[in-house]
Amino acid sequence: MSQTVDRALSILPLLAEGPADLGQVADRLGVHKSTALRLLRTLHEHGLVYRQSDQRYRLGARLFALAQEAVENLDIREIAHPHLVRLNEECGHTVHLAVYEEGEVLYIDKVESRYPVRMYSRIGKPVAITVAAVAKLLLADLPDPERRALAEKLDYPMYTARSIPNAPAFLKELAAVREQGWATDLGGHEESINCVGAPIRGTDGRVVAAMSVSAPNVVVTADELLTLLPLVRRTAEAISQEYSGTAPHKEASS
């Protein structure tokens, strides 16, 4: 049974390359045409493949519907939260998760620092979009025309002397973030708060969320916080893999 399932599933990536006839499918699987036909008929019955008028097979509409439904039902917060908790346990600092929605970057999860000095950020609250590390990561991934249009219409409050002052400087910062794959806010919103963040990507490689670690200067210096960057990036990558379904399967222990 497992071999039959394996062969049937092997047909799908073949047809993703384009329509194929019975002989091509049989050759790819290394089986007789009668075996390939049985597999194709089963997949056809479930709507996963479709037989064209030229007798070639292609992926069926049901497969695309299932994929779309699966994507729509993914909850990035639910997937990310255990990873954010583990990161917080390792470093002790505040961890945030944020998404971009309708022109705003919003915090959708937060794990508090173990230290007595707390941050006033709240879940559901928009971030300071021109300075926050998570905002830079999310906006850097926007298509160029959308990114430029947004940068031109934003206000640029000078929260501190390190805040980004205008659209050209913001676009330059976003280009650097896009190139390096991580972002910082070193006193750009509050003089005493530093932050380092990394992107979370979906199956298509686009950024779907961003996560960060933040800490006040009285707890850790900016340079010390930057040493956590590899850990932050590994955590973001682990979330990305789980979200996109590419994480290695772990067998349950007996």
Side-chain angles (χ1 to χ4, degrees), residues 1-87 97-102 106 108-109 123 137-138 141-143 146 181 198-211 233-254:
M1 177 62 73
S2 62
Q3 185 182 46
T4 301
V5 173
D6 182 67
R7 285 173 172 171
L9 292 177
S10 297
I11 293 173
L12 300 179
L14 166 62
L15 298 185
E17 299 171 9
D21 61 27
L22 179 60
Q24 290 172 310
V25 173
D27 288 345
R28 176 67 72 91
L29 297 180
V31 299
H32 194 274
K33 284 185 179 181
S34 61
T35 301
L37 183 58
R38 285 198 303 273
L39 296 171
L40 286 164
R41 281 177 174 168
T42 300
L43 292 172
H44 183 269
E45 288 171 3
H46 289 275
L48 301 180
V49 305
Y50 177 78
R51 189 174 69 174
Q52 302 177 160
S53 58
D54 63 2
Q55 306 305 307
R56 293 190 301 166
Y57 294 84
R58 60 173 171 80
L59 294 179
R62 177 63 177 156
L63 187 63
F64 296 105
L66 287 170
Q68 182 62 33
E69 185 177 353
V71 170
E72 290 174 355
N73 287 331
L74 284 175
D75 184 344
I76 186 62
R77 182 182 181 278
E78 181 179 347
I79 291 169
H81 186 74
H83 296 273
L84 304 183
V85 170
R86 282 195 293 272
L87 176 60
L97 180 70
V99 296
Y100 177 68
E101 290 184 357
E102 299 179 357
L106 305 169
I108 60 170
D109 201 3
I123 294 174
L137 290 159
L138 290 159
D141 193 62
L142 294 176
E146 185 178 351
I200 296 167
R201 300 181 185 275
T203 53
D204 58 358
R206 299 297 304 275
V207 175
V208 296
M211 54 156 294
R233 297 185 76 179
R234 284 198 300 271
T235 301
E237 178 61 25
I239 298 170
S240 299
Q241 288 180 341
E242 187 169 344
Y243 182 78
S244 61
T246 59
H249 176 69
K250 294 182 179 179
E251 297 289 346
S253 58
S254 56

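All values reported here derive from a predicted model rather than from experimental measurement.
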**Side chains of His44 and Arg41, donor plus acceptor under 3.5 Å** = no
**Prompt:** Would you say the side-chain atoms of Arg233 pair up with the backbone N or O of Ala198, donor to acceptor, closer than 3.5 Å?
**Reply:** no
**Asked** Passes side chain to side chain contact (heavy atoms under 4.5 Å, CB included), Thr4 versus Arg38? Steps please.
**Response** CA-CA 10 Å; Thr4 301; Arg38 285 198 303 273; over 6 Å; no
**Prompt:** Between Arg56 and Asp54, does at least one N-O distance fall below 4.0 Å, as a salt bridge requires?
**Reply:** yes
**Item:** Separation between CG of Leu137 and CZ of Arg201, rounded to the nearest 0.5 Å
**Value:** 8.5 Å
**Prompt:** If you measure from CD1 on Ile239 to NE2 on His81, what distance do you get to the nearest 0.5 Å?
**Reply:** 11.0 Å
**Request:** Quick one: closest heavy-atom pair of Ile123 and Arg77, and the distance?
**Result:** CD1-NH2, 4.5 Å
**Prompt:** So how far is it from Leu39 CG to Ile11 CD1, rounded to the nearest 0.5 Å?
**Reply:** 4.5 Å
**Message:** In the structure I gave you, are the side-chain heavy atoms of Tyr100 and Leu142 within less than 4.5 Å of one another anywhere?
**Reply:** yes
**Request:** For residues Ala80 and Leu97, report the shortest heavy-atom separation together with the two atoms involved.
**Result:** CB-CD2, 3.8 Å
**Message:** Determine whether a donor-acceptor pair (N or O, by modelled atom type, separation under 3.5 Å) exists between the side chain of His46 and the backbone of Leu48.
**Reply:** no
**Message:** Which heavy atom of Pro19 sits nearest to which heavy atom of Gln52, and what is that distance?
**Reply:** CG-OE1, 3.7 Å
**Message:** Would you compute the distance between atom OH of Tyr57 and atom CG of Leu15 and round it to the nearest 0.5 angstrom?
**Reply:** 10.0 Å
**Prompt:** Do His83 and Met211 have side-chain heavy atoms sitting under 4.5 Å apart?
**Reply:** no
**Fill in**
For Ala209 and Val207 the tightest heavy-atom approach is O-CG1, 3.2 Å
**Message:** Applying side-chain hydrogen bond (donor to acceptor under 3.5 Å, both in side chains) as the test, list every pair that has at least one member in residues 13-28; sequence neighbours left out.
**Reply:** Glu17-Arg28
**Message:** Quick one, Val208 with Val99, criterion side chain to side chain contact (heavy atoms under 4.5 Å, CB included). Give me CA distance, side-chain angles, the key distance, then yes/no.
**Reply:** CA-CA 7 Å; Val208 296; Val99 296; over 6 Å; no
**Prompt:** Rounded to the nearest 0.5 Å, how far apart are CZ of Arg51 and CG of Leu22?
**Reply:** 10.0 Å
**Message:** Could you measure the distance from the CG atom of Leu29 to the CZ atom of Arg7? Nearest 0.5 Å is fine.
**Reply:** 7.5 Å
